Amino acid sequence: MKQIRTLKDLAINGAPPAFDQPLHVGRPNIGSREAFMQYAEEIFDRRWLSNNGPVVQEFERKIAEYHGVKHCISMCNGTIALEIAIRALGLEGEVIVPSYTFIATAHALSWQGITPVFADIDPQTHTLDPDAVRRMITPRTTGIIGVHLWGRAAPVEALQQIAEEYGLKLMFDAAHAFGCSHGGKMIGSFGACEVLSFHATKFFNTFEGGAVLTNDDELAETMHLMRNFGFVSMDKVVHPGTNGKMIEVAAAMGLVNLDAIDSVIEANQNNHQVYREALSGLPGISLLGYDETERNNYQYVVMEVGAECPISRDRIIEMLHAENIRARKYFWPGCHNMQPYRELYPHAGLMLPNTQRVADRVVVLPTGTTMDSDMISDVAAVIRVLIEDRP
Ligand code: T4K
């Protein structure tokens, strides 16, 4: 690792990059390989690879238990889980969502002919602003999808109140919130249901995968049918459906990673703290915090670049990339600025000033079990030199 003390040490000035190999946001955390191989052997021996096999059943039991909910309906990925939950809830017409989220939240609606209506966020929390949600309600609105962005809970109670007042369905995209709590209660049991993602880049992964968590027996039953073509028995289909099933080997990865989860959270929490200390005192630079009275997974290190910072967010990203630090601008430029929404609602930005402002400020930094304190100190050293020496 090169020493980074002044501007001449930076890759943009001809020095070699700080890291030989790229540092990624979303580098997968992987539990015991031996335990995984053991599961794989057993799966091969059984020749039962998919369709609600024993490993999937064990995985669902353990995930439901971990989150303190009655039902975990595992799926092949978080996006299909969202789509199935949306259909099972009977959403139609217009559904209110934040624009400041991963595009899957909006696409899961429009893919089913439902109009996502984008409401603004609170710039402090990055989650839906309940007053903005109220402003977007029309006679066609049937529901709200809150997103627990970065694993920080959406304003659950305020959204619940709005939903009750207007007779709307409420569900949550909890793709970032595995293992997080709100008001001391695990996320997973708020609203009608909550959707998890276990994508490779999530702090807890099943290669690809997702799940819906719910305490509603009827909803769970409908989703079980929907994820398996509506089959109720061998030759009997009673419901429209799709193929949303999780496979055995994915569930095995999940069980192995569940055993390692405490150590992953500990690593993330430590990384977060090292970043916080190493980046403190830089003008215009702040790290989004976590509520320490809750359970957090600390999976995202979200740095904000404010107006007082002498260099722009995009220039910082450019220079980090030159050092092989693959920081990301999640979730720039906001769903409303991506197709097809950009063309459908060219003036949506007028109602989304906080979304635009936050999306222009955020830099997500690499973390997870593949990062250690020294690497983080080096990432921070690059940022410090960039800002303090002002190229
Ligand atoms: N709702 C929300 C709020 C979400 O954030 C997501 C997914 C969903 C719903 C949908 O859930 P899924 O259907 O995906 O289960 C990534 C993920 O693909 C996506 O799952 C995730 N959110 C989103 C926040 O991040 P990209 O476009 O950034 O992926 P990509 O390929 O650029 O990977 C990110 C970084 O991770 C790269 O620097 C490379 C590194 N990486 C990636 C993979 C796949 C690895 O090091 N190893 C790997 O295996 O979307």
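Please read all numbers here as calculations on a predicted model, not as lab measurements. Start at 1 and go down the list; that is how both ligands and their atoms are numbered.
Of all the atoms in ligand 1, the ones that sit under 4.0 Å from a non-hydrogen atom of S197 are 11 (O), 12 (P), 15 (O). Close approach of ligand 1 to A200 (heavy-atom distance below 4.0 Å) involves ligand atoms 49 (O). Taking every heavy atom of T101 and a limit of under 4.0 angstrom, the matching atoms of ligand 1 come to 3 (C). Close contacts between ligand 1 and A175 involve ligand atoms 1 (N), 2 (C), 3 (C), 4 (C), 9 (C) [criterion: under 4.0 Å to a heavy atom]. Listed by number with element, the atoms of ligand 1 under 4.0 angstrom from any heavy atom of A104 are 8 (C), 9 (C), 10 (C). Counting the atoms of ligand 1 from 1 in the order shown, those under 4.0 Å from a heavy atom of F331 are 24 (C). The distance from ligand 1 to the heavy atoms of Y330 drops below 4.0 Å at these ligand atoms: 16 (C), 25 (O), 26 (P), 28 (O), 34 (C).
Between Y39 and F44, the ring center distance fails the sub-6.0 Å criterion. Y300 and F102 have their aromatic ring centers separated by at least 6.0 angstrom. Ring centers of Y345 and H336: at least 6.0 Å apart, outside the cut-off. Proximity of the aromatic rings of H224 and F231 is defined here by a centroid distance below 6.0 angstrom, and this criterion is not met. You'll find the ring centres of F19 and H24 outside the 6.0 Å limit. Aromatic ring centres of W332 and Y100 lie farther apart than the 6.0 Å criterion allows.
The nearest heavy-atom contact from the protein to atom 5 (O) of ligand 1 is H176 NE2, 2.8 Å. Looking only at heavy atoms of the protein, atom 46 (O) of ligand 1 is closest to R27 NH1, 2.7 Å. Looking only at heavy atoms of the protein, atom 44 (C) of ligand 1 is closest to H199 CE1, 3.8 Å. Protein heavy atom in closest approach to atom 43 (C) of ligand 1: T201 CG2, 3.9 Å. Taking atom 41 (N) of ligand 1 as the reference point, the nearest protein heavy-atom neighbour is G26 O, 3.7 Å. From the protein, the heavy atom lying nearest to atom 27 (O) of ligand 1 is R328 NH2, 4.0 Å. Protein heavy atom nearest atom 38 (O) of ligand 1, with residue, atom name and distance: H24 ND1, 2.8 Å. Ranking the protein heavy atoms by distance from atom 22 (N) of ligand 1 puts K202 NZ, 2.7 Å first.
M186 has its side chain within reach of H67: a pair of non-hydrogen atoms, C-beta onward, lies under 4.5 Å apart. Side-chain contact check for E308 versus I285: every heavy-atom pair is 4.5 Å or farther apart.
Contacts between V25 and ligand 1, counted as non-hydrogen atom pairs separated by less than 4.0 Å, involve the backbone only. Residue T79 touches ligand 1 through backbone and side chain together, judged by heavy-atom distances below 4.0 Å. Residue contacts with ligand 1, taken as heavy atom pairs separated by less than 4.0 Å, involve P28 solely via side-chain atoms from C-beta onward.
Checked for salt-bridge contact, K62 and E58 meet the test: a charged N lies under 4.0 Å from a carboxylate O.
When each of Q269, E266, H272 is paired with Y298, the side-chain hydrogen bond (donor to acceptor under 3.5 Å, both in side chains) condition holds for Q269 and for no other.
Classification of the Y341-F118 ring pair by plane angle, with boundaries at 30° and 60°, yields perpendicular. By the 30° and 60° cut-offs, the orientation of the rings of F178 relative to F203 is perpendicular.
Within a 4.0 Å radius of atom 15 (O) of ligand 1, the protein has at least one heavy atom.
Closest to atom 50 (O) of ligand 1 by heavy atom, among Y100, F207, F102, is F102.
Ligand 1 has at least one atom lying under 4.0 Å from a heavy atom of G209.
Polar contact with ligand 1: present for D173 (N/O pair, distance under 3.5 Å).
A donor-acceptor pair shorter than 3.5 Å can be found between the side chains of E194 and H148.
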